[in-house]
Every structure is written in structure tokens, then in C-alpha cells.
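Have a look at the structure below, then the notes.
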Amino acid sequence: MTEKLIASFFLVLSVIYTYDACSLSFGSFVAPKAGFMPIIAGSIAILLALILTIIALFQKGCKETGNAKADSNGRKLIFLIIGILVYLILFRFLGYMAATFISLFYLLKVTETAGWVYPCFFSAGIAVSFYFLFSQLLGSNLP
Amino acid sequence: MDVLAMLVNGFYVSMSAANLLACTIGVLIGTLVGVLPGIGPVGTMALLLPFSFTMDVTTALIMFAGIYYGSMYGCSTTSILLNVPGEASSVVTCIDGYAMAKKGRAGAALAIAAIGSLIAGTMGLVGLTFFAPILSRFAVTFGPPEYFAIAVFGLLILMRLTGTSMLKSGLMVTIGVMLGTVGLDSLTGINRFVFGIDELQRGMEFSIVVMGLFGVAEILHTLVQSEANSKIQSVRFRELYPSREEWRRSLGPIFRGGVIGFLVGLLPGPAATISTFASYAVEKKQSKRPEEFGQGAIEGVAGPESANNAAASATMIPLLSLGLPFSPSAAILLSGFMIHGIMPGPTLMTQNPDLFWGLIASMYIGNVILLIVNLPLVGMFAYLLKTPIKILMPIVLIITLTGAYSINNSLFDLGLLTAFGILGFFMKQTGYEAAPLALGLMLGPIVENGLSQSLIIGDGNIWYFLSRPISGTILWLGMALLLFNIGIWFIERRQSKKYKARMGGYSD
């Protein structure tokens with residue numbers, strides 16, 4: 001299923017790219033313009049992605065059954081992605097230190113780190129020390 | 001003699017306190033990222049790229065190069081002690097390295113891996129020292145058609161060598177080239193594929209894409225698949241002495257591995273990984289005791305571990321002489337040059353001799369530092385392996401996000417990093433390699449500029465490429481390779497169909 005989805009994703013991406021590339025001037029072989037390379041690359045990508053999508057669609061495979069481990073991994077992945085996205089939002093509104101503390105604490109809990117006190121103090125320590133390291137020692141401009 | 005005089009000058013440059021410190025820090029960080037799963041040398045170098053703005057260019061590049069070849073050494077530690085390859089280039093070492101560890105010879109395996117890395121790495125560097133200047137002088141005469149031909153040929157070879165489906169590699173290369181066209185077109189000055197987003201006008205930031213595909217994707221993969229650390233074999237310093245018999249059996253594989261690694265390292269793609277497989281196959285065929293391979297044969301550790309270090313040195317040749325990166329790590333090094341306003345290529349040796357020779361000399365020194373520092377510290381690295389992945393990986397993720405933000409102080413970059421991280425995770429699950437995409441992104445603008453400029457110079461005549469001796473030869477070779485790839489693909493499909501028919505239509 002994932003194979004079909006990813007092949008279809010690349011196909012859709014290539015079609016959108018090539019469609020947009022067509023709005024740029026192709027020029028000619030004597031004087032190539034901005035759309036020259038994108039149209040060639042996009043066309044090749046559509047062809048390859050189409051072949052891969054067809055192969056993926058007609059591929060015989062084992063029926064995907066409700067495997068408990070796979071389900072748990074899928075859940076963990078979704079929670080991890082949510083954690084990263086939340087980090088981006090908090091980073092924007094609360095600044096580096098608070099975002100790092102909250103997100104790291106959340107990620108440690110998602111990865112099943114035992115207890116509440118240890119992850120809490122650990123996250124706070126990391127947030128403060130990373131802020132000092134990146135902002136003060138390495139000169140990053142952190143919010 | 002001229003080369004030797006310049007190399008001596010390079011040693012003066014690299015022996016300054018700042019450069020020696022950068023080299024030591026680089027090889028230590030490299031060893032560390034090689035030992036710890038989750039963040040590889042490419043992700044680490046990309047992460048440290050923004051912090052090198054304030055550093056001297058030679059010092060920064062010495063550190064980055066140290067990270068690259070240090071990681072080649074570091075990944076052998078996990079392979080031998082834990083049966084877990086830190087990087088793809090150490091998968092082969094697991095076979096006999098871990099078998100030796102189970103027999104109580106982990107110390108000897110680690111020592112041979114380190115000494116082999118030093119010898120073969122130095123062999124690769126000797127090749128780099130003498131071959132890179134010759135290629136640089138030769139490359140001064142190259143024009144756009146030659147650069148176009150070399151870049152296309154490199155991408156075609158890469159499609160064959162990644163080890164996965166050629167169709168998938170081809171698509172990844174093309175997607176990389178497509179991503180490379182995002183932003184301001186250098187020839188026409190037109191913004192392409194920016195969709196009204198200001199941040200996209202500067203193009204796809206290579207380090208962000210690489211950190212997503214190699215860093216975040218690997219972290220997600222490690223966390224989702226994470227299992228408890230296996231039992232780690234402990235090693236004491238006094239156990240790091242190979243026996244006389246082990247020495248005798250290792251010398252040949254080390255030198256053969258050095259030669260194989262150097263030759264394979266000149267090819268585009270995951271040269272270090274391929275060289276280890278090639279070396280293992282050669283050693284098994286060459287051995288009088290092939291039945292011992294897989295049961296703890298020291299040749300199975302000495303050959304591949306030497307080969308990957310020699311390959312790491314050889315990868316620098318196309319980068320320093322032509323300015324063309326043939327591996328993701330080399331592409332990051334190229335970014336390191338570019339953020340300091342230096343373009344590696346044929347003129348680097350004459351315009352920045354201190355940088356060129358200082359970098360090469362630092363690699364000689366770095367190889368020795370690796371041996372001196374790492375062998376006594378092997379116990380500490382083994383101890384680090386006991387750090388629970390579920391604590392380590394979230395920290396690495398936060399470091400990656402912070403590093404990505406620091407490049408342009410842009411939240412958009414963090415969004416891009418996350419998107420490429422998720423994409424990279426699913427690509428990994430479905431056998432789409434990230435390396436061809438990264439190289440397509442880096443080489444794409446070179447291909448586009450080379451093609452456009454050559455067509456303008458040649459009045460739109462395709463034969464202009466083919467009639468020039470160098471570009472013509474390379475492109476004919478490229479076409480032969482493409483036809484060969486297509487032929488192999490059809491043969492493999494036919495064989496696979498026949499096999500399935502014989503198995504009664506069953507397929508997994």
C-alpha cells in the first residue's frame with residue numbers, strides 16, 4: 001500500500017511540476033529559455049513515475065493484515081510527526097526554550113520513557129543548555 | 001617534487017593550533033556519529049554547516065573532512081561489538097566482525113579495522129595527492145559541454161550503483177534535478193516554481209533537504225523501529241592486540257582493500273559501501289579458507305574496513321579537481337566551500353593553494369589522530385552504545401531542528417525539513433534511495449547550465465557535444481551505459497517472471 005501511495009505521490013508531483021513548467025518559455029535548441037530543462041526533466045519524471053505506479057498497482061503481494069506491531073509503529077510515527085509539527089508552532093509563538101522543553105518532554109513520553117519527573121527535568125535541562133550552546137557559544141539567532 | 005613541496009606547505013597550514021584542533025574535533029565527532037545510529041555523517045555535516053560561517057574556511061573544511069572519514073572508522077565499532085552497522089558502509093563488517101567478537105576477539109577485530117583504516121586511508125590520500133593536481137590541470141581546458149557530460153555520466157552511473165531498482169533511482173535523480181530548478185534561474189533571471197513563497201526564491205537549500213532526507217528520516221525510522229539495545233561485547237585496552245597469525249592474514253586484505261577502495265571511490269554514488277562488498281568478495285575468493293568467512297575470518301574485517309576508508313579519500317578527487325560532488329558527503333563539503341565564497345574546481349589548487357594542500361595534509365594527520373585517539377577510547381564508545389535510543393533520538397531531533405533553523409533563521413526551512421524528513425521515511429520504507437535525489441539536486445544546476453550554454457555555443461546542434469573529444473567520449477560511454485542498464489532491467493524482469501512461473505505463480 002505504501003509503495004502505491006509513494007509512487008502515486010511522485011506521479012502527481014511530476015504532473016504538477018510539468019504543468020507549471022509549461023507556463024515558462026521553452027525557447028529553442030539554439031536559445032534555451034527558463035522552461036527548457038524543467039519541461040524535459042518533468043516529462044522524464046512523469047514517464048518514470050507512471051511506470052513505477054503501474055508496477056506498484058499490479059504487483060502481487062501478501063494481503064496486509066492487522067499486525068499489532070505494525071499498528072503500534074504507525075501510531076508512534078503519527079505521534080512523532082505531531083510532535084515535530086507542534087514544535088514548529090510553539091517555536092513561532094513561545095520561542096526556542098519553551099518549545100524545546102515542551103516538545104522534548106512530549107517526544108520522551110511518546111518514546112515511552114518511564115516516569116514524569118525525570119523526563120520533565122531532563123527536558124528542562126536540555127532546553128536551557130541547548131539555548132546557551134547554540135545562542136551564546138555558536139552564535140545562532142534563536143527566538 | 002612540486003607536489004611534495006606543496007604538500008609540505010599544506011602540512012604547515014594544517015599543523016596550526018586551530019586546524020589541528022578542528023581536525024581532532026572533526027574525527028571525534030565523525031567517530032561518534034559513526035558509532036551512534038540515527039544521525040550519519042551527511043546529516044551531521046549539514047547540521048554543522050551554519051556554525052562554520054564564523055570559522056576560517058580552511059579550518060571549517062578540515063573539520064568537515066574529519067567528520068566524513070572519522071565516521072567511516074566509527075561505524076566499524078557498532079558492527080563489531082553490536083552486530084548493528086552504524087552506516088551502510090559497515091554492513092559487511094558485521095558478518096565476520098561480530099562473529100570474531102562472539103569468539104572473544106573483538107579487540108583484535110577493532111585494532112585491525114583501525115590499523116587497516118589508517119593504512120588504506122593513507123594509500124587513498126597518496127592517490128589523491130598525486131592524481132588530483134593532474135586532473136585539475138587537465139580540467140582547466142573543460143568547457144560547459146565537458147561539465148554537462150561528466151555530470152550526466154555521473155548520474156547515470158549512480159542509477160546503476162545504488163543497489164535498488166534502476167527505475168526508482170532514475171526517478172529520484174530526476175526529482176532531484178527538478179528540485180534544483182526551483183528558485184531564480186541564473187541564465188534568464190526568472191523565478192521558477194516559487195508559488196509566491198519568498199523563501200523559495202533562493203532555491204531549495206541543499207543542507208535542509210539533506211538534513212530532512214538523511215537526518216530526520218533516519219531518526220523517525222530508528223524511533224519507530226526501535227528495540228532494546230542488544231548485549232554489547234565489552235573490550236579492554238589490553239585486548240586490542242591481534243595475534244601474529246591475525247596480523248599475517250590481515251596485511252594482504254588491507255592493501256588489496258586500499259586499492260579496491262581507491263578505484264571504486266572515483267565512481268559516483270555510495271562508493272564507500274560498494275567498495276566494502278567488492279573487497280569482501282575478492283577476499284573470500286582469494287582466501288585459502290573461504291569456509292571461515294561468516295564464522296569470524298579476520299580478512300572479512302580487514303579488507304572491507306580498509307576499502308571504505310580508501311574510498312572516502314578517493315571521493316575527494318572529483319570534488320577538488322572538477323568541483324563535482326559524486327557523493328552526498330562530498331556535496332555537503334561543496335556547500336561548505338560555497339558558503340565561504342570558494343568554488344572548488346580546476347582553479348582551486350592555483351588560487352587557494354593553502355586551502356587545497358592544507359585540506360589534503362590534514363587528512364593524513366587526521367588518519368593518524370583517528371588511530372591514536374580512538375583505540376584507547378574504544379571502551380568509552382562501547383559505553384555510549386548503551387545510551388537508550390528512546391532518549392538519544394529525541395535529543396538528536398532537537399539538535400537537527402535547531403541546526404536547520406540556524407542556517408537562515410527561517411521557520412519555513414523547518415517546515416521544509418519536516419516535509420523532507422517524512423518523505424525520506426516513506427522512501428526508506430519503499431526502497432527509494434535518498435542519495436540519488438540529493439546528488440540530482442546538487443548536480444542538476446550544473447547539468448542545466450552546461451546543457452543550455454553548450455546549446456547556445458553550438459548553435460543548437462546536439463552533435464557539438466558528441467564531436468568534442470572529451471565530452472563526446474563521455475557521452476557515448478553514458479549512452480552505452482544507459483542501454484546496458486535498460487538491457488539488464490529487461491533480463492532481470494524476464495528472469496524474475498520465469499522464476500515466479502516455476503514457483504507456481506507464488507510471489508511474496
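Everything numeric here is computed off the predicted structure, so don't read it as measured data. Every chain is numbered from 1, with letters handed out A, B, ... down the list of sequences.
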Next on the checklist: Are A/Phe122 and B/Ile391 packed together at the side-chain level, in the sense that at least one heavy-atom pair is separated by less than 4.5 angstrom?
Outcome noted: yes

Item to check | Side chains of A/Leu107 and B/Met393 in contact at under 4.5 Å (non-hydrogen atoms) | outcome: no

Item to check | Structural part of B/Ile462 lying under 4.5 Å from a heavy atom of chain A | outcome: side chain

Item to check | Rounded distance (nearest 0.5 Å) linking atom CG of A/Leu104 with atom CG of B/Leu397 | outcome: 9.0 Å

Checklist entry - Which value, rounded to the nearest 0.5 Å, describes the distance between A/Leu48 atom CG and B/Thr174 atom OG1? => result 5.0 Å

Checklist entry - Tell me, side chain or backbone of A/Tyr118 under 4.5 Å from chain B's heavy atoms, or both, or neither? => result side chain

Next on the checklist: Does any backbone or side-chain atom of A/Ala7 lie under 4.5 Å from a heavy atom of chain B? Answer side chain, backbone, both or neither.
Outcome noted: both

Checklist entry - For B/Lys390 and A/Leu108, which heavy atoms make the closest approach, and how far apart are they? => result O-CD2, 3.8 Å

Checklist entry - A/Ser14 versus chain B, heavy atoms under 4.5 Å apart: side chain, backbone, both or neither? => result both

Checklist outcome for this item: So OG of A/Ser25 and CD1 of B/Ile190: to nearest 0.5 Å the spacing works out to 7.0 Å

Item to check | Residue part contacting chain B, namely of A/Ala21, when any heavy atom lies under 4.5 Å | outcome: both

Checklist entry - Which one, A/Leu80, A/Val110, A/Thr100, leads in non-hydrogen pairs under 4.5 Å with chain B? => result A/Leu80

Next on the checklist: Let's test your reading of the structure: which of B/Leu220, B/Val173, B/Val216 forms the most heavy-atom pairs below 4.5 Å with chain A?
Outcome noted: B/Leu220

Item to check | A/Phe79 atom CZ, over 12 foreign heavy atoms within 6.0 Å | outcome: no

Item to check | Side-chain donor/acceptor of A/Lys76 to backbone N/O of B/Leu223, under 3.5 Å | outcome: yes

Checklist outcome for this item: Looking only at heavy atoms, the pair that brings A/Ala45 and B/Met178 closest together is CB-SD, 3.4 Å

Next on the checklist: A side-chain contact here means heavy atoms from C-beta on lying under 4.5 Å apart; do B/Met427 and A/Phe9 qualify?
Outcome noted: no

Item to check | Part of A/Leu77 within contact of chain B (heavy atom distance under 4.5 Å) | outcome: both

Next on the checklist: So, taking the atom named CG in B/Asp185 and the one named NZ in A/Lys33, what distance separates them when rounded to the nearest 0.5 Å?
Outcome noted: 11.5 Å

Checklist entry - Do the rings of A/Tyr17 and B/Phe193 sit parallel, tilted or perpendicular, given the 30° and 60° boundaries? => result parallel

Checklist entry - With a 4.5 angstrom heavy-atom cut-off, which part of A/Ile84 approaches chain B: side chain, backbone, both or neither? => result side chain

Item to check | Interface moiety of B/Leu411 toward chain A, non-hydrogen atoms closer than 4.5 Å | outcome: side chain

Item to check | Portion of B/Leu451 that has a non-hydrogen atom of chain A nearer than 4.5 angstrom | outcome: side chain

Item to check | Close side-chain approach of B/Thr402 to A/Tyr131, heavy-atom, < 4.5 Å | outcome: no

Item to check | Heavy-atom pair count under 4.5 Å with chain B, highest-scoring of A/Leu13, A/Ile51, A/Ile44, A/Asp20 | outcome: A/Asp20

Checklist entry - What's the verdict on ring pair (Phe, Tyr, Trp, His ring centres under 6.0 Å) for A/Phe134 and B/Tyr405, showing C-alpha distance, side-chain angles and the deciding distance? => result CA-CA 11 Å; A/Phe134 284 101; B/Tyr405 179 81; over 10 Å; no

Checklist entry - Side chain, backbone, both or neither: which part of A/Leu47 has a non-hydrogen atom closer than 4.5 Å to chain B? => result neither

Checklist entry - How far does CD of B/Glu448 sit from CZ of A/Phe36, to the nearest 0.5 angstrom? => result 9.5 Å

Item to check | Among the listed options B/Thr430, B/Thr181, B/Ile175, the residue most often paired with chain A at heavy-atom distances under 4.5 Å | outcome: B/Thr430

Checklist entry - B/Leu417 versus chain A, heavy atoms under 4.5 Å apart: side chain, backbone, both or neither? => result neither

Next on the checklist: Shorter than 4.5 Å, heavy atoms on both sides: which option in A/Pro32, A/Ala34, A/Ala41, A/Gly27 has the most such pairs with chain B?
Outcome noted: A/Ala34

Item to check | Atom group of A/Tyr87 that falls short of 4.5 Å from chain B, counting heavy atoms | outcome: side chain

Item to check | Segment of B/Leu455 engaging chain A (4.5 angstrom heavy-atom cut-off) | outcome: both

Item to check | Spacing of CD1 belonging to A/Ile81 relative to CZ belonging to B/Phe425, to within rounding of 0.5 Å | outcome: 7.5 Å

Checklist entry - Picking from A/Leu24, A/Thr18, A/Ile16, A/Ile126, which has the most non-hydrogen pairs under 4.5 angstrom with chain B? => result A/Leu24

Checklist entry - Has B/Phe195 got more than 12 heavy atoms of other residues, nucleotides or ligands less than 6.0 Å from its CZ? => result yes

Item to check | Side chain, backbone, both or neither of B/Ile422 within contact of chain A (heavy atoms, under 4.5 Å) | outcome: side chain

